[in-house]
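Structure, as structure tokens:
Heavy-atom basis, side chains included; hydrogens, waters and symmetry copies ignored. Labels below follow one simple rule: chain letters A, B, ... track the order of the sequence lines, proteins then strands, and each chain is numbered from 1.
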Protein chains: 2
Amino acid sequence: MMLPGEIYQWTSRLKEPELKELMSSSVLLDYNKGEAIIKQGSLASQILFIEDGMAKLNLEEGGRDTTFSFAVNGDFIGLMCSFVKKRLEFSAIAITNSKVRIFDRDVFERLIRENGDFAVYIVTMMSELTNGVVHTLISLSHKNANGAIAMLLLSLERLFRDVKVVLPFTREEMAATLGYSKESVINTLSDFQRDGLITLSGRHMMILNKKALQLIADKG
Amino acid sequence: MMLPGEIYQWTSRLKEPELKELMSSSVLLDYNKGEAIIKQGSLASQILFIEDGMAKLNLEEGGRDTTFSFAVNGDFIGLMCSFVKKRLEFSAIAITNSKVRIFDRDVFERLIRENGDFAVYIVTMMSELTNGVVHTLISLSHKNANGAIAMLLLSLERLFRDVKVVLPFTREEMAATLGYSKESVINTLSDFQRDGLITLSGRHMMILNKKALQLIADKG
DNA sequence: GTCAAATGATGTAATATTACATATTTTTTA
DNA sequence: TAAAAAATATGTAATATTACATCATTTGAC
């Protein structure tokens, strides 16, 4: 439950009546694991905020689905790409059962118009998010298969805040995201398991040796 | 010379006195080809606008310099990454002699605060820019060497608006950007020349067969 | 212009990655 | 629960990419 002015940082940028208006024009929806929260190609008419759960941000292109970011509890989902003119060019998929608050973009934009503090806060958040995504994508693209996979596993550990992770991908989806073949992903994961860095059972993974994984991510 | 309200779209979002204030607190500087316009790690205290010339946006990391975007005449340089809290995490290098207008971030932010129209315009522009960068980086990372190089050459053609292009990279820098070895880049460029797709002489390139290059970029 | 340094070109061996074939396991559906 | 479908695993051959060695060319400083 979202209580004005206390749980989420950004709410403090809004005045009492502004926040009230925004909240009362919003809806809270439940999404099941695997469900699409945002479909690429839909009109950019909403701003989504994840109150509970996790989502992956995908870009579909050339028949491939690439995950380029994640969103967790307390994040605006893909905020840096949400204010486009026409249609959203990304999708968001719940990777756990999630509660998502849906704001109307017009109301949201009106607040940006009317509340300069809020506008600057949003602009700053967008820059930070974009920065992070660009950084991640470039790092990934310069790594070999081992390094890229290690990076992804570590980012999932941060996302879940736990060494136990449920992979939000099939091996093939993971391959598509990283730009390698599914066999490369499968083999590398097997290698990691054989070398005692992780345990694997279907989609359930546990990280056993974070330091070694980090080394592979850095060097690879 | 920048004339209020007529040359650049964004100026029409500002009121006469706002634009006047912004312009009068700005400076126009000349940069020579190759010169650093923005240094990664510098304080995020300015917003830069390129009035004439071209620049490449680089991210340094792991000893490598990766170009992730370009800016030309009429662009804010790296706007989507410019409103970060502390230091800029990208650099910008002039790839032709350029005239750059330097705005003070505080003044710029004050306009975002005080002029809602302007705020929304900036937010929209940031989203569109981020969208484009993410799209480009993901496309590139899924291509083989030939495809990635073809993509880059075609994007340079669009940048220069001409089939004659002066490559803003050494072969090695191009390799760093694309995540391949310099030999792969050199060999592929040689192949392209041998196959009559381009002519090359040092950094001077001419695109002879755009369709074939596009095909390689799409398929590769 | 000359020289030195940097950049570019090319061939080959080593390595990494993919593609294919096939068997096994897990998940889904009826 | 059983059967079917999807996903995973594994070995091997084909392909792509890198790394190394060497030489040619271009660029920049003096």
Side-chain angles (χ1 to χ4, degrees), chain A residues 32-35 62-65 93 95 140-153 165-195 197-206 216-217 219-220, chain B residues 32-35 62-65 67 93 95 97 140-153 165-195 197-206 216-217 219-220:
Chain A
N32 290 321
K33 182 175 170 176
E35 224 180 324
R64 255 193 271 242
D65 235 335
I93 314 288
I95 63 182
L140 272 179
S141 76
H142 285 171
K143 298 208 180 295
N144 60 23
N146 280 9
I149 291 167
M151 245 188 94
L152 182 56
L153 298 185
V165 164
V166 180
L167 298 177
F169 307 106
T170 66
R171 310 295 194 263
E172 200 163 3
E173 287 169 341
M174 216 162 139
T177 282
L178 299 173
Y180 291 101
S181 69
K182 69 170 189 290
E183 290 91 341
S184 290
V185 170
I186 288 169
N187 286 330
T188 297
L189 288 176
S190 295
D191 291 348
F192 284 175
Q193 176 155 236
R194 193 171 309 122
D195 297 346
L197 305 182
I198 61 175
T199 57
L200 260 181
S201 170
R203 289 196 175 194
H204 291 265
M205 177 185 72
M206 183 153 69
I216 291 170
K219 288 196 323 178
Chain B
N32 291 320
K33 183 176 169 173
E35 224 180 325
R64 255 193 269 243
D65 235 335
T67 296
I93 314 289
I95 62 181
N97 293 339
L140 272 179
S141 75
H142 285 171
K143 298 207 180 297
N144 60 23
N146 280 10
I149 292 167
M151 244 188 94
L152 182 57
L153 298 186
V165 164
V166 181
L167 298 177
F169 308 107
T170 66
R171 310 295 194 262
E172 200 163 2
E173 287 168 339
M174 216 162 137
T177 282
L178 299 174
Y180 292 100
S181 69
K182 70 168 190 292
E183 291 90 341
S184 289
V185 170
I186 288 169
N187 285 331
T188 297
L189 288 176
S190 295
D191 291 348
F192 284 175
Q193 176 155 235
R194 193 171 307 123
D195 297 346
L197 306 182
I198 61 175
T199 57
L200 261 181
S201 170
R203 289 197 177 194
H204 292 266
M205 178 186 72
M206 182 154 70
I216 291 170
K219 287 198 322 177

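Annotation: salt bridge (Lys or Arg N to Asp or Glu O under 4.0 Å) contacts of D191(B) (sequence neighbours excluded): R194(B). Partners of A175(A) by side chain to side chain contact (heavy atoms under 4.5 Å, CB included), not counting sequence neighbours, listed by chain and number: K182(A), V185(A). Considering only residues two or more places apart in sequence or on other chains, A176(A) meets the side chain to side chain contact (heavy atoms under 4.5 Å, CB included) condition with R64(A). Every residue was checked against the side chain to side chain donor-acceptor pair (under 3.5 Å) condition with T177(A), not counting sequence neighbours, and none meets it. Residues passing the side chain to side chain donor-acceptor pair (under 3.5 Å) test with T67(B) are N58(B), sequence neighbours excluded. I186(B) pairs by the side chain to side chain contact (heavy atoms under 4.5 Å, CB included) definition with R171(B), S190(B), not counting sequence neighbours. For S184(B), the side chain to side chain donor-acceptor pair (under 3.5 Å) criterion is met by S181(B), not counting sequence neighbours.
To the nearest angstrom, P of dA7(D) lies 15 Å from CE of M174(A). Atom pair L189(A):CG and dA9(D):C1' shows a separation of 11 Å (rounding to whole Å applied). Straight-line distance from the CG atom of L200(B) to the P atom of dA9(C): 7 Å, rounded to whole Å. Atom CG of L178(B) and atom C1' of dA16(D) are 16 Å apart (whole Å). The distance from atom CD1 of I186(A) to atom P of dA6(D) is 16 Å, rounded to the nearest whole Å.
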Exercise. How does each nucleotide of nucleotides 17-30 of chain D score, in 5' to 3' order, for protein heavy atoms under 4.0 Å: base (B), sugar-phosphate only (S), or none (-)?
Worked result: SBBB----------
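Axis angle between the ends of the helix from dG1(C)-dC30(D) to dA30(C)-dT1(D), five pairs each and rounded to 10 degrees, works out to 70°.
Phosphate contact (OP1/OP2 of dT10(C), side-chain N/O of S190(B), threshold under 4.0 Å): present. A close approach under 4.0 Å does not occur between any side-chain nitrogen or oxygen of T170(B) and OP1 or OP2 of dA6(C). For dG8(C), one of the phosphate oxygens OP1 or OP2 lies less than 4.0 angstrom from a side-chain nitrogen or oxygen of R171(B).
For the residue pair Y180(B) and N144(B), the shortest heavy atom distance occurs at OH-C, 3.2 Å.
Under a 3.5 Å cut-off, the side chain of N97(B) and the backbone N or O of K33(B) do form a donor-acceptor pair.
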